[in-house]
Structures are given as structure tokens and as C-alpha cells.
Engineer: 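My questions will all concern the structure given below.
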Amino acid sequence: MKKVLIYMMISFAVLLCMTGCHERYVTYSDAEYVMFADTMAIYPVQAKGAVDKDGNVIDTTFTIPVVSTVTRDYDRTFGVEVIDKGSNAIERKHYRLESNTVTIKAGQRRADLLVHGYYSNIEATDSLGFELQLVMDDRLEMPFYGKNTKAVLMKSCPLDINDFTGYCIFTSMFLYQYSATGSYQRLIKTEKHPTKENTIICHDWLADGYDVTITFENEDPTRPYVTMEEDQIASDEGMIFGQTHGDDHILVSHSTLAESIYYPCGKYLYLWAHFYVENIGTAVGTVGHFYNIMEWISDEEAERLQKVEGMSN
């Protein structure tokens, strides 16, 4: 949509030049506009362990692209300033700009502003960002688009599958609707799958005697999500419904209606699961798509929940 808007604005500017507004656009008659490629973007800050020229630990370096609608046969340098009003991240504590200028080289339409992020100074629960503005001739500012961008810093812990093993509080909206006891939380135990990478086995997940597996996908640090294999048996029908509609199995897989996210810095995940019933491989019907939360806790906390609060597992 943003690209379409840019092309529309360029066409509109060229049309104005052809219909009598030549004097106003005499310098930039070929619709030269310079801008940040995005008005807002999320940048993961990972632990890398490098050191900058001042001796500070740089945990990650990312780039914020600046683009132009045209090329020139000379270098174009623009200032970059931090807008304090739109920022809560602290410069040189949470991040540092490599330079306060950015140069689009001759014959090119893009330049990258380098930013260093400091992993150890960002907490997992922080919501930090900073706003940048290009310092340039006002005639280079794209109408309705502007010359600012907001960079959001996200602490991105490396995935350690062992953090998602042990005792876990499983809270399920499926159980909230169908549990015979009215309890929608279970204390379950998980372990690392012996052969499948980044996969855990959840013992007695929805009901006693039925284990399911969950896989953690970590190719993109800005998109940590989980998946479930199709046709896993979560329970028998009689245990939940009191009667059978198919082959007495309630099957489960991850929902395709919404993405399921895990948080490696916080040891918890949000899972959208699809529950359904079949009869010897033939679809009978969908029970529904339900939201679930899994939060890993210590052995001591698990023992307290069992003894003091009577949480079942």
C-alpha cells in the first residue's frame, strides 16, 4: 500500500509540473523525495558480544534504510536527529547511532543508517523505541508520508529448548468451556523430544493419558512462533463431552486462523489450537479454535501450587 501511495504521489507531482506549476517544482521537477523506508519497524536486539570503538559491548547491529525516489550523479548526505518527544529508549544506553548523517551514493536510491543495540541493558518486558527525523530541504519531504520513523527495540533472547521443559501451568479456553469440573488450568510437565529438534513433549496436556508435541520455530528472531502437528490426540470424546460423535478421539493441531507466539526471554507462549473430531479419517466436525497459555515455572512453585492451591496435574 505504501509503494502504491509513493507511485501515485510521484505521478501527481509530474502531472502538476506538466500543467503550469513548473516554477514551484523547478529544482525537483522529476519528483525527488527522500524518506525512511518505513514509518515504523521492529528491530530485534540479540546477544552478539562484539565491542565498539569506545569499548562498549555491542550486542547487535541493525540498519534503518533511507530511500530516494530518484538517482543522482552525485552523493547526497542528510542529517539524522533523534526526536526526544517520540522516544523512551536512551541513547548510548539502549542503542547508539553509528553516525548522525546518512549518504546516498551517486547512482543509488538507498542508504542504510547503522544502529547498535545493547542487549544487556534491555529487559524482556521493556517497551522501548526512538524516533528519528531526516534533516533536509523541506522540498524533499514526501507529502502525507513525512520524514520521520519510529524504531522499536525488541530484546530477542536465543532459543534454549530446555527453558521450555519441566513444570508448566497450562491455561486453556477449551477447558474453560468444556471441563466437567469447571477448572481451566492444569499443571503439566514437559520434556525435550528425543529426536525432533526444538520440539517438546507435553505430558497429559489436555487430559490424563494423552501427550502432544509442540515445535518452536526460530528462523526469524522477529517472529518466534510455535506449531503443532496435525491429528494429535488430545483426549477421548467421552472424557470431555460425555458421549462420542466420531471415533472417540478429540484431535488437535495449531490453528491457521491466528499465529501462536512464544517468548524465549519470558518462558511462556500463546497457542491458538484447532480442536476437531473425525471418524476413521473422515471429518465429523470442528469443535473450535481456542486460545491457550503455557507458562513454565520452577519445581518449587509447582510443589506450592499442588500443596497449597490444590492444582491438579
Side-chain angles (χ1 to χ4, degrees), residues 1-13 27-28 30-46 48 50 52 56 58-72 74-119 121-156 220-224 261 265:
M1 183 65 186
K2 180 170 63 182
K3 291 182 179 178
V4 173
L5 177 61
I6 291 173
Y7 295 146
M8 289 176 63
M9 292 304 302
I10 292 173
S11 299
F12 181 63
T27 304
Y28 305 102
D30 53 351
E32 179 182 11
Y33 297 117
V34 178
M35 69 207 82
F36 289 105
D38 295 287
T39 56
M40 187 184 78
I42 298 174
Y43 300 93
V45 178
Q46 300 173 281
K48 298 295 185 182
D52 67 13
N56 300 311
I58 301 172
D59 295 304
T60 193
T61 299
F62 56 88
T63 60
I64 299 178
V66 175
V67 296
S68 173
T69 55
V70 299
T71 61
R72 293 298 188 198
Y74 51 85
D75 292 353
R76 289 169 287 171
T77 298
F78 308 97
V80 178
E81 63 179 3
V82 178
I83 306 301
D84 292 337
K85 187 177 180 180
S87 308
N88 64 343
I90 301 173
E91 195 170 6
R92 294 193 174 275
K93 176 181 179 182
H94 301 120
Y95 73 98
R96 181 176 66 83
L97 302 183
E98 177 71 16
S99 174
N100 288 105
T101 62
V102 61
T103 299
I104 301 177
K105 295 293 186 180
Q108 298 184 10
R109 286 190 173 91
R110 168 176 170 152
D112 289 323
L113 176 70
L114 294 180
V115 182
H116 304 298
Y118 298 101
Y119 177 92
N121 293 337
I122 300 175
E123 299 297 329
T125 56
D126 283 345
S127 178
L128 297 172
F130 56 92
E131 185 171 351
L132 298 177
Q133 183 176 90
L134 290 171
V135 181
M136 61 186 183
D137 191 310
D138 289 342
R139 289 173 293 182
L140 296 177
E141 182 179 344
M142 168 71 79
F144 307 112
Y145 188 89
K147 53 186 176 182
N148 289 25
T149 188
K150 182 66 175 285
V152 178
L153 302 176
M154 182 186 75
K155 186 165 189 172
S156 180
D220 183 352
T222 66
R223 185 174 167 255
I261 303 297
C265 296

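Hydrogens, waters and symmetry mates play no part in the numbers below; they use all other heavy atoms, side chains included. Since we're looking at a predicted model, the values are computed, not measured.
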Engineer: Quick one: closest heavy-atom pair of Leu113 and Ser99, and the distance?
Structural biologist: CD1-O, 3.5 Å
Engineer: For the atom pair CD (Glu91) and NE2 (His116), what is the distance rounded to the nearest 0.5 Å?
Structural biologist: 11.5 Å
Engineer: Where do Ala31 and Val70 come nearest, in terms of heavy atoms and distance?
Structural biologist: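 Where Ala31 meets Val70 most closely, the heavy atoms are O-CG1, 4.0 Å.
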Engineer: Between Ser68 and Ile104, which heavy-atom pair has the shortest distance, and what is it?
Structural biologist: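 The pair with the smallest heavy-atom distance is CB-CD1, 4.0 Å.
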Engineer: Any chance you could measure Thr71, atom OG1, to Lys105, atom NZ, to the nearest 0.5 Å?
Structural biologist: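 Here the rounded value is 15.5 Å.
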Engineer: Verify side chain to side chain contact (heavy atoms under 4.5 Å, CB included) between Leu140 and Glu32, making sure each step is shown before the conclusion.
Structural biologist: CA-CA 6 Å; Leu140 296 177; Glu32 179 182 11; 3.7 Å; yes
Engineer: Distance from Leu134 atom CG to Lys147 atom NZ, nearest 0.5 Å?
Structural biologist: 8.0 Å
Engineer: May I ask you to test the Ile122-Tyr95 pair for a side-chain heavy-atom distance under 4.5 Å?
Structural biologist: no
Engineer: Could you go through the side chain to side chain contact (heavy atoms under 4.5 Å, CB included) check for Met35 and Thr69 one step at a time?
Structural biologist: CA-CA 9 Å; Met35 69 207 82; Thr69 55; 3.9 Å; yes
Engineer: Once rounded to the nearest 0.5 Å, what's the spacing between atom NE2 of His94 and atom NZ of Lys155?
Structural biologist: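 It is 10.0 Å, given to the nearest 0.5 Å.
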Engineer: Take Leu132 and Phe36, measure what side chain to side chain contact (heavy atoms under 4.5 Å, CB included) needs, and give me the verdict at the end.
Structural biologist: CA-CA 9 Å; Leu132 298 177; Phe36 289 105; 3.9 Å; yes
Engineer: Report yes if the side chains of Val115 and Tyr43 come closer than 4.5 Å at any heavy-atom pair, otherwise no.
Structural biologist: no
Engineer: If you take all heavy atoms of Cys265 and Ser156, which pair is closest and at what distance?
Structural biologist: SG-C, 4.3 Å
Engineer: For Thr77, enumerate each residue passing the side chain to side chain donor-acceptor pair (under 3.5 Å) test, keeping only those at least two apart in sequence or located in another chain.
Structural biologist: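 Only Thr103 meet the side chain to side chain donor-acceptor pair (under 3.5 Å) criterion with Thr77.
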Engineer: Would you give the length of the straight line joining atom OG1 of Thr149 to atom CD1 of Ile64, rounded to the nearest 0.5 angstrom?
Structural biologist: 6.0 Å
Engineer: Which atom pair, heavy atoms only, marks the closest approach of Gln46 to Tyr119?
Structural biologist: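 Where Gln46 meets Tyr119 most closely, the heavy atoms are C-CD1, 3.6 Å.
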Engineer: For the CG atom of Asp112 and the CZ atom of Phe62, what is their distance to the nearest 0.5 Å?
Structural biologist: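 The CZ atom of Phe62 is 12.0 Å from CG of Asp112, to the nearest 0.5 Å.
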Engineer: Could you list the residues that satisfy side chain to side chain donor-acceptor pair (under 3.5 Å) with Gln133, not counting sequence neighbours?
Structural biologist: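 Partners of Gln133 under the side chain to side chain donor-acceptor pair (under 3.5 Å) test: Asn148.
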Engineer: Please table the atom pairs, donor to acceptor, closer than 3.5 Å between any side-chain atom in residues 79-89 and protein atoms at least two apart or in another chain.
Structural biologist:
{"from": "Ser87", "atom 1": "OG", "to": "Ile83", "atom 2": "O", "distance (Å)": "2.8"}
{"from": "Ser87", "atom 1": "OG", "to": "Glu131", "atom 2": "N", "distance (Å)": "2.8"}
{"from": "Asn88", "atom 1": "OD1", "to": "Gly129", "atom 2": "N", "distance (Å)": "2.8"}
{"from": "Asn88", "atom 1": "ND2", "to": "Ser127", "atom 2": "O", "distance (Å)": "2.8"}

Engineer: Run Ile90 and Tyr118 through side chain to side chain contact (heavy atoms under 4.5 Å, CB included) and show every step you take.
Structural biologist: CA-CA 11 Å; Ile90 301 173; Tyr118 298 101; over 6 Å; no
Engineer: Tyr145 and Ala37: which non-hydrogen atoms are nearest, and at how many Å?
Structural biologist: OH-O, 3.1 Å
